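Before any comments, here is the structure.
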Amino acid sequence: MGRGFLKVVTTAALGGMPIVGASVTVFNGEEILHELTTNESGLTEIVALEAPARALTLDPSYEGIPYSVCNVRAEAHGFATVTIHDVKILDGETSILPVIMTPEITPGDPIDLWTPPHNLTPQ
């Protein structure tokens with residue numbers, strides 16, 4: 001088993017303004033892996049997550065998925081909650097996840113986004 005890394009960047013106004021103090025939860029199903037808070041630049045600390053070993057991407061006989069996935073939820077006062085599903089984590093790499101948050105117009109109206117499968121995924 002390998003280890004990959006994740007850093008979340010929260011912004012508003014199409015990336016022009018950092019969201020300070022956003023609550024970021026990294027989870028897999030019902031299991032919470034990390035609970036983070038963004039700093040004055042809208043960044044979380046870098047966290048480690050399990051991922052399949054990098055060597056699997058070089059093995060032509062390997063038929064599994066050579067990365068792991070997690071979900072990320074970002075919440076901040078006055079902004080709609082954003083959940084991004086299936087964030088890819090690769091062994092030895094740092095995934096930087098930009099989360100653009102929009103003002104909350106209707107309370108309780110979350111935004112759910114899914115990332116598509118990576119081209120390393122067998123079809």
Side-chain angles (χ1 to χ4, degrees):
M1 188 56 79
R3 194 164 68 159
F5 305 92
L6 175 67
K7 179 180 194 175
V8 179
V9 182
T10 58
T11 59
L14 296 176
M17 182 181 83
I19 304 293
V20 179
S23 296
V24 176
T25 305
V26 180
F27 62 101
N28 201 348
E30 298 294 319
E31 181 183 6
I32 294 175
L33 305 172
H34 296 281
E35 292 183 307
L36 309 163
T37 302
T38 59
N39 64 17
E40 64 280 349
S41 298
L43 306 172
T44 66
E45 62 185 273
I46 296 172
V47 294
L49 297 161
E50 288 187 1
R54 178 186 294 235
L56 294 174
T57 64
L58 303 174
D59 181 356
S61 65
Y62 180 69
E63 295 184 11
I65 298 172
Y67 54 83
S68 62
V69 295
C70 64
N71 303 313
V72 176
R73 179 179 304 112
E75 301 172 277
H77 179 72
F79 292 90
T81 298
V82 177
T83 303
I84 300 176
H85 302 271
D86 298 336
V87 175
K88 291 7 171 214
I89 305 297
L90 292 131
D91 181 25
E93 299 297 325
T94 299
S95 298
I96 299 174
L97 180 66
V99 179
I100 298 174
M101 302 184 76
T102 58
E104 185 176 54
I105 297 171
T106 305
D109 195 13
I111 298 169
D112 283 297
L113 304 170
W114 281 262
T115 58
H118 191 277
N119 61 5
L120 293 173
T121 305
Q123 301 297 323

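What you see is a predicted model; the values in this text were computed from it and never measured.
Cluster membership check: Val26 shares its hydrophobic cluster with Leu113, using side-chain heavy-atom separations under 4.5 Å among Ile, Leu, Val, Met, Phe, Trp and Tyr. Using a 4.5 Å cut-off between side-chain heavy atoms of Ile, Leu, Val, Met, Phe, Trp and Tyr, with links allowed through other members, Val72 and Leu36 fall into the same hydrophobic cluster.
To the nearest 0.5 Å, atoms CD (Glu50) and CG (Leu33) are separated by 9.0 Å. A distance of 4.5 Å separates CG in Leu6 from CD1 in Ile89, rounded to the nearest 0.5 Å. The line from OG of Ser61 to CG of Leu56 is 9.0 Å long, rounded to the nearest 0.5 Å. Atom SG in Cys70 sits 9.0 Å away from atom CG in Asp86 (nearest 0.5 Å). For the atom pair CD1 of Ile19 and CD of Glu40, the computed distance is 14.0 Å after rounding to the nearest 0.5 Å. Rounding to the nearest 0.5 Å places OG1 of Thr94 at 10.5 Å from CG of Leu49.
Annotation for Ile105: atom CD1 does not count as buried by contact number, only 12 or fewer foreign heavy atoms lying within 6.0 Å.
A donor-acceptor pair is defined here as one N or O able to donate and one able to accept, closer than 3.5 Å; such a pair exists between the side chain of Thr10 and the backbone of Gly42. With hydrogens and angles ignored, the 3.5 Å screen pairs no side-chain donor or acceptor of Asp112 with any backbone N or O of Val82. Between the side chain of Arg54 and the main chain of Asp91, a donor-acceptor pair closer than 3.5 Å is present. Looking only at distances, a side-chain donor or acceptor of His34 sits under 3.5 Å from a matching main-chain atom of Ala48. Counting only distance, with no hydrogens or angles, the side chain of Thr38 and the backbone of Gly21 share a donor-acceptor pair below 3.5 Å.
Side-chain contact check for Thr115 and Lys88: at least one donor-acceptor pair (N or O, by modelled atom type) lies under 3.5 Å.
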